[in-house]
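We name chains A, B, ... by the order of the sequence lines, and we start the count at 1 in each one.
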Protein chains: 2
Amino acid sequence: MLRGLAPSLVMPEPTEAPSAPSQERTGQASTPKGERRRQALVEAASELLVESGFAGIRHRAVAERAGLPLASTTYYFSSIEELVERAVEYHGRTELAWGRERLSGCGRLDRDELCELVLDMLLGHNSRDGGLDVVLLRYERLVGSGRRPYLAPLMREMGDELHALLVEILAQAGAPSSSAEVTRLIALIDGTVVNALIESDPDPRGAARRVLRAELP
Amino acid sequence: MLRGLAPSLVMPEPTEAPSAPSQERTGQASTPKGERRRQALVEAASELLVESGFAGIRHRAVAERAGLPLASTTYYFSSIEELVERAVEYHGRTELAWGRERLSGCGRLDRDELCELVLDMLLGHNSRDGGLDVVLLRYERLVGSGRRPYLAPLMREMGDELHALLVEILAQAGAPSSSAEVTRLIALIDGTVVNALIESDPDPRGAARRVLRAELP
DNA sequence: GACAATCTGGTACAAGCGTACCATTTTTGC
DNA sequence: GCAAAAATGGTACGCTTGTACCAGATTGTC
């Protein structure tokens, strides 16, 4: 399975060789330039994820998008699953970071700002201009984790961070809510969105906004 | 694209030929046995849909599951999309029929029966024994329609029927609810379920039950 | 500056995919 | 019963996929 990938480590201890036979440290870049390439692949994969969902992440598509040769994808990632996971993580953390920066960058939020910020966090801030892609992605990730158990831990971790951030946001807007209330709000919005996806002229953000406004005090 | 598929219809009206050039009636079976085979393929595809999602519906897999040769799939269905659509429809309508029969078969529902029946309709009645597959399917279908626009009309139609059925169910349980209230309830449950899918030991039905009980008067 | 370690990128391959073809057999309509 | 229509099923094609290979270029370390 592994090729001449890890000829590094000149067998630190001969006895360890059988116990830690292979795999490991696959795809770790040890060079600044290598790290940059690896990151470029993750970002390319993330873009494809937004545009075409999980099915869009393919070795060839990712390599082409990143302007790198095909083999670089197998060099830096031991499997397509690892690439998918890194892409999901990159996109999720970028979105979380965007939200945190946004929050710290403004003072007290009025009701409208609060609404839009909550929608940004739950539907993706790119959904402002009506793009469906980003919206789809959040729910594809959630549902997709059902058939991709390896994603679940990551999704859970990012979900918890999102939850905490929403608690903060509501507090800063003067509408402090308990953890349970936020959980409920998330579920309500998520359910509204997935059901809005099948409308003939889907406007999930609009649907979510109506529900959210009715819910906020 | 079409082969000698539809040499039937000896051109009822020559003038119609150019206006309705091709496609049409592809895959329509004209024979009882043919209809049975076609149905067998739909059911096989539906099983695969439950087990492996959209990705599980493949010509070869469907044919093998139905015990039919590969070519039968292209003979009865003009494309894989049509097969997917029929499988989704079959599964959805079967579930709806199950619910209607269930409703008419029992008298006034008590609170617990009501809860379970609502969960059956929203998560799939096979989710009673903890199977995740059926649960996943409902949400894969909803989210999947985002990237498969051809499914949206069908999903909308079945969604409306589900909505109406839930209104009936609640009425029969002595908890009459407005259309808007039911819409909200559906969203709340759906959102709860998709968020429960990433738990380390997923129990979406349990999570939905807790929310539902808190919601019902 | 030399020597490993790391990275690069062109290429190859087997498997699986949707779809098409077509010589037969079965069924239908008259 | 017979011609025509429908159905059957084995087979093949062109394409995409994930992954493997490996000779050469680049880089980091001493």
message = Among residues at least two apart in sequence or on other chains, which ones pass side chain to side chain donor-acceptor pair (under 3.5 Å) with A:Thr94?
response = none

Partner residues of B:Ala152 under the side chain to side chain contact (heavy atoms under 4.5 Å, CB included) criterion, sequence neighbours left out = B:Arg156

inquiry  = In whole Å, I'd like the distance from the CD atom of B:Glu64 to the P atom of C:dG18.
reply    = 13 Å

query = Between atom CG in B:Leu68 and atom P in D:dG10, what is the gap in whole Å?
reply = 11 Å

For nucleotides 10-16 of chain C, tabulate all protein N/O to nucleotide N/O atom pairs closer than 3.5 Å, reporting atom names and distance.
none

key: Rounded distance in Å - CZ (A:Arg36) to C1' (C:dT8)   = 15 Å

task = May I have the distance from B:Leu48 (atom CG) to C:dC17 (atom P), rounded to whole angstrom?
result = 11 Å

request  = Could you check how far CG of A:Leu41 sits from P of C:dG9, rounded to whole Å?
outcome  = 11 Å

request  = Calculate the interatomic distance between B:Tyr75 atom OH and C:dC21 atom P; express it in whole Å.
outcome  = 15 Å

query = Is the shortest side-chain N/O distance from B:Arg37 to OP1 or OP2 of D:dG9 below 4.0 Å?
reply = yes

remark   = With sequence neighbours left out, the residues meeting side chain to side chain contact (heavy atoms under 4.5 Å, CB included) with B:Val50 are B:His91, B:Asp133, B:Val134, B:Leu137

query = side chain to side chain contact (heavy atoms under 4.5 Å, CB included) with B:Ala44: which residues, sequence neighbours excluded?
reply = B:Val62, B:Arg65, B:Ala66

ask   = Can you check the B:His59 NE2 to C:dA20 C1' distance for me, whole Å?
value = 11 Å

remark   = To the nearest 0.5 Å, atom OG of A:Ser104 lies from atom CD of A:Glu168 at 9.5 Å

Expected output: side-chain B:Arg38 to main-chain B:Tyr76 donor-acceptor under 3.5 Å = yes

inquiry  = According to side chain to side chain donor-acceptor pair (under 3.5 Å), does anything in residues 193-202 of chain B pair up with another residue at least two apart or in another chain? List the pairs.
reply    = A:Asp190-B:Asn195

request  = May I ask you to verify if any side-chain N or O of B:Tyr76 is less than 4.0 angstrom from the OP1 or OP2 atom of D:dT8?
outcome  = yes

A:Ile57 CD1 to D:dT17 P, straight-line distance once rounded to whole Å = 13 Å

remark   = Rounded to 10°, the angle between the first-five-pair and last-five-pair axes of the helix from C:dG1-D:dC30 to C:dC30-D:dG1 is 30°

request  = Any pair with a residue in residues 144-153 of chain B that passes salt bridge (charged side-chain N to carboxylate O under 4.0 Å, His left out), sequence neighbours left out, goes on the list, sorted by first then second residue, please.
outcome  = A:Glu140-B:Arg147

query = Listed by chain and number, what are the side chain to side chain donor-acceptor pair (under 3.5 Å) partners of B:Arg102, not counting sequence neighbours?
reply = none

